[in-house]
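The structure appears right after this line, and notes come after that.
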Amino acid sequence: MKKLPRSFYLRPTIRVARDLLGTYLVRILNGKRLISRIVETEAYCQGDPASHAFNGRTRRNDVMFWKGGHLYVYFTYGMHYCANVVTGEEGAGEAVLIRAVEPLDGVDLMTRNRARPTGRKALGASQESMPAANLTNGPAKLCQALDIRREQDGTDLLGGEIYLLSASRLPASTIGRSKRIGIVKGTEKEWRFYVKGNAWVSKR
DNA sequence: TGGACGATCCCCT
DNA sequence: GGGGATCGTCCAT
């Protein structure tokens, strides 16, 4: 398997969102490799009122305007991080939110990362009796499992810390499409893609 | 300088 | 199905 080349990310955002399904997300953490497979994405495009980039470039969303193939990580609700794959040319301001992944390797470490830290209430799940799917079936959950946070904002996906490996293209019949989740504007766009029947998809 | 809000998650009802 | 947790960011005073 090879890293997805820069050219992969420079294509139209909706196509990238669909083609990211099935690719392998590798996160190197303390010398260990956490490997998962992307099973759910959402596209955020130019002129899209739901996009962080809609109101222009700021310190927070700056990475979203970088050249495709970088990781845009934002902090939300006072406690959660979400990870996006930047797409398009420099200045485009488009990205794909990674909404869910299927854990493949390093599951024990992901489970520990997801466990509730002491002193925090809402952040972190109780480690006992957590269903396997609960590990990474949501954008903030997978960031917690893979320990992706502010420090990873701007990471080059062609580097060695976080990268994506190509996979054989999924048959079109196995890909589902729907409206995006958790937004109040731009809700009519069907820019969410997911692997049909996969247990780690956030909403069935 | 203050206030509203958010591409969420967890837990309880 | 609903509320609370919790805080950085942005824009209006």
Side-chain angles (χ1 to χ4, degrees), chain A residues 13-14 16-18 20-21 25 36 38-66 68 70-88 92-101 103 110-155 176-194 199-204:
Chain A
T13 299
I14 291 174
V16 174
R18 190 193 60 203
L20 280 172
L21 295 179
L25 172 60
S36 61
I38 296 178
V39 298
E40 182 181 348
T41 61
E42 281 179 359
Y44 288 85
C45 302
Q46 276 185 6
D48 172 10
S51 170
H52 286 177
F54 184 66
N55 291 316
R57 195 165 177 165
T58 66
R59 181 188 275 98
R60 183 201 195 200
N61 66 20
D62 193 69
V63 171
M64 213 173 154
F65 290 85
W66 292 11
H70 289 88
L71 194 70
Y72 166 49
V73 181
Y74 66 85
F75 182 74
T76 191
Y77 292 104
M79 62 183 80
H80 295 305
Y81 295 98
C82 294
N84 303 254
V85 172
V86 177
T87 54
E94 302 200 347
V96 175
L97 172 67
I98 303 176
R99 283 199 56 90
V101 301
M110 293 187 210
T111 303
R112 285 201 298 278
N113 288 342
R114 284 275 291 127
R116 175 194 317 223
T118 54
R120 299 283 186 96
K121 196 156 185 193
L123 185 63
S126 49
Q127 194 163 349
E128 317 87 55
S129 75
M130 180 164 66
N134 194 35
L135 201 52
T136 54
N137 60 345
K141 295 181 188 180
L142 71 91
C143 281
Q144 196 183 6
L146 302 180
D147 197 30
I148 292 173
R149 38 191 170 170
R150 183 175 314 287
E151 291 76 26
Q152 280 68 48
D153 188 30
T155 300
R177 180 171 184 164
S178 80
K179 295 176 179 178
R180 294 173 294 180
I181 294 174
I183 56 173
V184 294
K185 289 171 286 190
T187 53
E188 75 285 356
K189 310 272 198 316
E190 294 212 324
W191 288 350
R192 170 176 176 255
F193 299 90
Y194 58 94
W200 281 267
V201 169
S202 66
K203 190 179 172 190
R204 313 296 297 272

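Just so it is clear: chains get the letters A, B, ... in the order the sequence lines come, proteins before strands, and each one is counted from 1.
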Which atom of Val86(A) lies closest to which atom of Trp66(A), heavy atoms considered: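 The pair with the smallest heavy-atom distance is CG1-O, 3.3 Å.
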Residue-phosphate contact under 4.0 Å: [X] side-chain N/O, [N] OP1/OP2:
X: His80(A); N: dC9(B); answer: no
X: Arg150(A); N: dT9(C); answer: yes
X: Arg99(A); N: dT8(B); answer: yes
X: Lys141(A); N: dC10(B); answer: yes
X: Arg57(A); N: dC10(C); answer: no
X: Asn134(A); N: dC10(B); answer: yes

Looking at Phe75(A), I'd like to know if the NZ or CZ of Arg150(A) sits under 6.0 Å from its six-membered ring centre while staying within 45 degrees of the ring's axis.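 Cation-pi check for Arg150(A) and Phe75(A): passes.
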Taking only the side-chain heavy atoms of [X] (C-beta and beyond), determine which of [options] contains the nearest atom.
X: Ile183(A); options: dA7(B), dC9(B), dC10(C); answer: dA7(B)
X: His52(A); options: dC10(B), dA7(B), dT6(C); answer: dA7(B)
X: Tyr44(A); options: dA7(B), dA5(C), dC10(C); answer: dA7(B)

Distance between the P atoms of dA7(B) and dG1(C), in whole angstroms?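 The answer is 22 Å between these two P atoms.
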Students often get this wrong, so: under 4.0 angstrom with heavy atoms, is Asn55(A) touching a base, only sugar-phosphate, or nothing?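 It contacts nothing in the nucleic acid.
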NZ/Lys141(A) to CZ/Arg99(A) distance, rounded to the nearest 0.5 angstrom?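 Going from NZ on Lys141(A) over to CZ on Arg99(A), the span is 10.0 Å.
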Sequence neighbours left out, what passes side-chain contact (heavy atoms from CB on, under 4.5 Å) with Phe65(A)? Give chain and number order.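 Here the qualifying residues are Ala53(A), Arg57(A), Asn61(A).
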Could you say whether the aromatic ring of Phe75(A) and the base of dG8(C) stack, counting only centre distances under 5.5 Å and plane angles under 30°?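 Not stacked by the 5.5 Å and 30° rule.
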Would you mind pulling out the nucleotide paired to dG8(C), Watson-Crick or G-U wobble, both distances under 3.5 Å?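 Base-paired to dC5(B).
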Classify the side chain of Tyr77(A) versus the base of dA5(C) as yes if they form a donor-acceptor pair under 3.5 Å and no if they do not.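 Answer no: no donor N or O sits under 3.5 Å from an acceptor.
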